[in-house]
Amino acid sequence: MIKEYKTIREVVGPLMLVEGVQGVKYDELVEVMQQNGEIRRGKVLEVKDDKAVVQLFENTQGLKIATARARFLGHSQRLDVSTDMLGRVFDGMGNPRDGGAPILPEQRLDINGAPINPASRNYPNEFIQTGISAIDGLNTLVRGQKLPVFSMSGLPHAELAAQIARQARVLNQDSKFAVVFAAIGITYEEAQFFIDDFRKTGAIERTVLFTNLANDPAIERISTPRVALTCAEYLAFEKGMHVLVIMTDITNYAEALREVSAARKEVPGRRGYPGYLYTDLATLYERAGRIKGKEGSITQIPILTMPEDDKTHPIPDLTGYITEGQIILSRDLYKKGVNPPIDVLPSLSRLKDKGIGNDKTREDHADTMNQLFAAYSTGKECKELAAILGDAALTPTDKLYAKFAEEFERRYVSQGFTTNRPITETLDLGWELLRILPRAELKRIKESLIDKYLGDK
């Protein structure tokens, strides 16, 4: 039920105090109408007794509270959803940003969604091919998983995100695949890069793009990932599609959360972020998954830049607790010209074993993955030893490991942002690199597989 009040008492920054309210709920939408007919929108942040604190989506400049009226709409923010959203660009609130017509909704959904009952969840176990060897071969993405990318300022995570959005598909399946892309707090140039890239490559046809720009209100930044996930849930669980949700940059989302928390004068937690940051991030990440009896699924790749390149910062730290692994980008690899600069050793996909093997990728995937990890780790140690003591300190086998590490970074990890490698090509390349090492060093691969794929080596 819509309720209207003329009791706006105070405006401080983006916050507005309305007195004498009744039956108002947290997160309820509000319209503030001025005498000239102008309408500004906001939502309820806090309710105490007969007072409600409202955060406006737009700025408060020129707002005349003496004559303005506040209308409480009786519901939280909703999104109009339809399959017509595919191929379209929206702002962070779900309004068209591409000059196209408004969406004719098949449903109107609350953007906060509903938690998935753990008992009805299906276990992720199907391989998603991204076409990127460092992910597919060593840190495999599985349908229904949430696998974040931890980046650093200045690294090409935008290019990586666009590459994954273009190339990702469920292997050996004819099911419909869609990408929901949420750009949070990015610059106009970055937003245009994604739009142009998707249009140029044709990926826009299966993509829904939500863009929240850096100059948009902080409160919209908090809504953007929820709007995107609501669209993804509709496509996945109502229309039976496999949906990949890419969200960049979660750090901008957390900064907006801190800004709103400070405006509400809440007691800050670590580094000034609100104490409920963990819970809030979980409400986003836990909307990924598969549901028993439903054909569709939601797979998430949240991307975040680590402030000061610090993995122990609250945002990557808490994200790591909630999600199933992480892909870490390396500044050192980027300086060497390795693109994408994925550091495979600290990266981890906790569900990779569930999505590989016979009938999913290939019988040799698990063994070669373990061997490549071990050989690269040993090779890096040999290179560090040579840097300290000189090449003379290395045995002939050590020198082969050092050579392997060089070739691995140059040929396996560094493939550029336009190369789309099928998983069979990635696995064959792994075997090609393992030829550098003596057969006796391949201790993590079954003899039968060595015979089959390396022959008489």
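Any value given below was found using the heavy atoms of this structure, including those in side chains, with hydrogens, waters and symmetry copies removed.
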If you measure from the Lys or Arg side-chain nitrogens to the Asp or Glu carboxylate oxygens, is any gap between [X] and [Y] under 4.0 Å?
X: K176; Y: E295; result: no
X: D364; Y: K452; result: no
X: E255; Y: R258; result: yes
X: E407; Y: R410; result: yes
X: K443; Y: D367; result: no
X: E126; Y: R143; result: yes
X: E286; Y: R121; result: yes
X: D80; Y: R108; result: yes

Note to self: Taking the side chain as everything from C-beta on, heavy atoms only, tell me whether Q77 gets closer than 4.5 Å to L109.
What the structure shows: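 They are not in contact (no side-chain heavy atoms under 4.5 Å apart), so the answer is no.
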
Check: Would a 4.5 Å heavy-atom cut-off, applied to side chains only, mark I103 and V81 as touching?
Finding: no

Polar contact flag, side-chain donor to acceptor under 3.5 angstrom, [X]-[Y]:
X: D249; Y: T305; answer: yes
X: T397; Y: E441; answer: no
X: N212; Y: D91; answer: no
X: T312; Y: D310; answer: yes
X: T426; Y: D136; answer: no
X: T230; Y: R287; answer: yes
X: R166; Y: T201; answer: no
X: T130; Y: Q167; answer: no
X: R362; Y: T424; answer: no
X: T395; Y: D398; answer: yes

Next item on the list: Could you check R331 against D309 for salt bridge (Lys or Arg N to Asp or Glu O under 4.0 Å), going step by step and ending with a plain yes or no?
Entry: CA-CA 9 Å; R331 200 177 290 284; D309 299 359; 3.1 Å; yes

Okay, side chain of [X], backbone of [Y]: is any donor-acceptor separation there less than 3.5 Å?
X: S151; Y: I328; value: no
X: T361; Y: G357; value: yes
X: T207; Y: L209; value: no
X: Q163; Y: A168; value: no
X: Q129; Y: I423; value: yes
X: D343; Y: S330; value: no
X: S414; Y: R411; value: no
X: R97; Y: G92; value: no
X: N252; Y: I184; value: yes

Next item on the list: Apply the test side chain to side chain contact (heavy atoms under 4.5 Å, CB included) to residues Y401 and I436: give CA-CA distance (whole Å), side-chain angles for both, the deciding distance (0.1 Å), then the verdict.
Entry: CA-CA 8 Å; Y401 271 113; I436 295 170; over 6 Å; no

Once you round to the nearest 0.5 Å, how far does [atom1] of [X] lie from [atom2] of [Y]?
X: Y453; Y: L442; atom1: OH; atom2: CG; answer: 15.0 Å
X: S347; Y: F150; atom1: OG; atom2: CZ; answer: 9.5 Å
X: E238; Y: T83; atom1: CD; atom2: OG1; answer: 12.0 Å
X: Y253; Y: L277; atom1: OH; atom2: CG; answer: 8.0 Å

Margin query: Applying side chain to side chain contact (heavy atoms under 4.5 Å, CB included) to L372 and Y412, what does each step give before you reach the verdict?
Written below: CA-CA 10 Å; L372 288 168; Y412 193 96; 4.0 Å; yes

If I compare all heavy atoms of [X] with all of [Y], which pair ends up nearest, and what's the gap?
X: R88; Y: D84; value: CG-O, 3.4 Å
X: M85; Y: V208; value: O-CG2, 3.6 Å
X: P316; Y: M306; value: CG-CG, 3.9 Å
X: G131; Y: Q415; value: O-NE2, 2.8 Å
X: D216; Y: R221; value: O-NH1, 3.3 Å
X: V44; Y: Y26; value: O-CD1, 3.8 Å

Check: Does the pair L229 and L284 meet the rule for a side chain to side chain contact (heavy atoms under 4.5 Å, CB included), with working shown?
Finding: CA-CA 8 Å; L229 286 163; L284 300 182; 4.1 Å; yes

Item checked: Check against salt bridge (Lys or Arg N to Asp or Glu O under 4.0 Å), E106 and K239 -> CA-CA 11 Å; E106 293 173 24; K239 297 299 177 182; 3.2 Å; yes

Note to self: As a quick check of understanding, evaluate side chain to side chain contact (heavy atoms under 4.5 Å, CB included) for V243 and T299, giving each step before the final call.
What the structure shows: CA-CA 6 Å; V243 184; T299 307; over 6 Å; no

Notebook entry, point to check: What is the ring orientation for Y376 with F408, classed by angle as parallel under 30°, tilted 30 to 60°, or perpendicular over 60°?
Noted result: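 Y376 vs F408 ring planes: tilted.
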
Margin query: With salt bridge (Lys or Arg N to Asp or Glu O under 4.0 Å) as the criterion, how do E447 and R439 come out once you've worked through the C-alpha distance, each side chain's angles and the decisive distance to 0.1 Å?
Written below: CA-CA 10 Å; E447 284 291 329; R439 180 170 175 143; 3.0 Å; yes

Check: With a 6.0 Å cut-off on ring centres, are F181 and F194 close enough?
Finding: yes

Notebook entry, point to check: Between H313 and Y273, does the ring centroid distance fall short of 6.0 Å?
Noted result: yes

Notebook entry, point to check: Please walk me through it: do D280 and R226 pass salt bridge (Lys or Arg N to Asp or Glu O under 4.0 Å)?
Noted result: CA-CA 11 Å; D280 195 279; R226 291 179 168 80; 3.4 Å; yes

Note to self: Before you tell me yes or no, could you show the steps for Q145 and S349 under side chain to side chain donor-acceptor pair (under 3.5 Å), namely the whole-Å CA-CA distance, both residues' side-chain angles and the distance that decides it to 0.1 Å?
What the structure shows: CA-CA 9 Å; Q145 183 180 8; S349 170; 3.0 Å; yes

